[in-house]
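When a ligand or atom number is given, it counts from 1 through the structure's own listing order.
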Amino acid sequence: MYVCICHAVTDKKINQAVNEGVQTMRELRSCLGVGSQCGKCICHAQQVLQEAHQVK
Ligand code: FES
């Protein structure tokens with residue numbers, strides 16, 4: 001499922017980024033661009049990021 005439409009980032013991509021060492025929203029933004037355009041995805045992206053850390 002798409003989390004960030006502007007940058008075509010899916011929840012899978014976020015999970016993958018977490019597995020590669022991404023810890024924070026800031027890192028996620030600099031590596032995938034999530035939230036750097038319209039900003040509408042930030043809330044959802046944060047949630048996915050948190051869940052990915054819990055699963056890890
Ligand atoms: Fe992510 Fe617009 S949907 S920046």
Trainee: Would you give the length of the straight line joining atom OG1 of Thr24 to atom NE2 of His53, rounded to the nearest 0.5 angstrom?
Mentor: 8.5 Å
Trainee: What protein heavy atom lies closest to atom 3 (S) of ligand 1? Include the residue and the distance to one decimal.
Mentor: Ile5 N, 3.3 Å
Trainee: Kindly compute the distance separating CZ (Arg26) from CZ (Arg29), expressed to the nearest 0.5 Å.
Mentor: 7.0 Å
Trainee: Pull out every atom of ligand 1 sitting under 4.0 Å from any heavy atom of Gly39, numbered as shown with elements.
Mentor: 2 (Fe), 4 (S)
Trainee: State the OG-CD1 distance between Ser36 and Ile42, to the nearest 0.5 angstrom.
Mentor: 8.5 Å
Trainee: Is any N, O or S atom of Cys6 under 2.8 Å away from atom 1 (Fe) of ligand 1?
Mentor: no
Trainee: Keeping Asn15 on the side-chain end and Ala52 on the backbone end, is there a donor-acceptor pair under 3.5 Å?
Mentor: no
Trainee: N/O/S of Cys38 less than 2.8 Å from atom 1 (Fe) of ligand 1?
Mentor: no
Trainee: Which pair of heavy atoms, one from Lys13 and one from Ala8, lies closest together, and at what distance?
Mentor: NZ-O, 3.7 Å
Trainee: Tell me, please: is Val34 in heavy-atom contact with ligand 1, that is, under 4.0 Å?
Mentor: no
Trainee: Would you mind listing which atoms of ligand 1 come within a distance below 4.0 Å of any non-hydrogen atom of Gln37?
Mentor: 4 (S)
Trainee: Counting from 1, what ligand 1 atoms have a heavy atom of Cys4 closer than 4.0 Å?
Mentor: 1 (Fe), 3 (S), 4 (S)
Trainee: Which atoms of ligand 1 are found less than 4.0 Å from any heavy atom of Cys41?
Mentor: 1 (Fe), 3 (S), 4 (S)
Trainee: Could you tell me which non-hydrogen atom of Gln23 sits nearest to which non-hydrogen atom of Leu49, and how far apart they are?
Mentor: O-CD2, 3.9 Å
Trainee: What are the atoms of ligand 1, with element, lying closer than 4.0 Å to any heavy atom of Gly35?
Mentor: 1 (Fe), 4 (S)
Trainee: Of all heavy-atom pairs between His7 and Gly33, which one has the smallest distance, and what is that distance?
Mentor: CD2-O, 2.9 Å
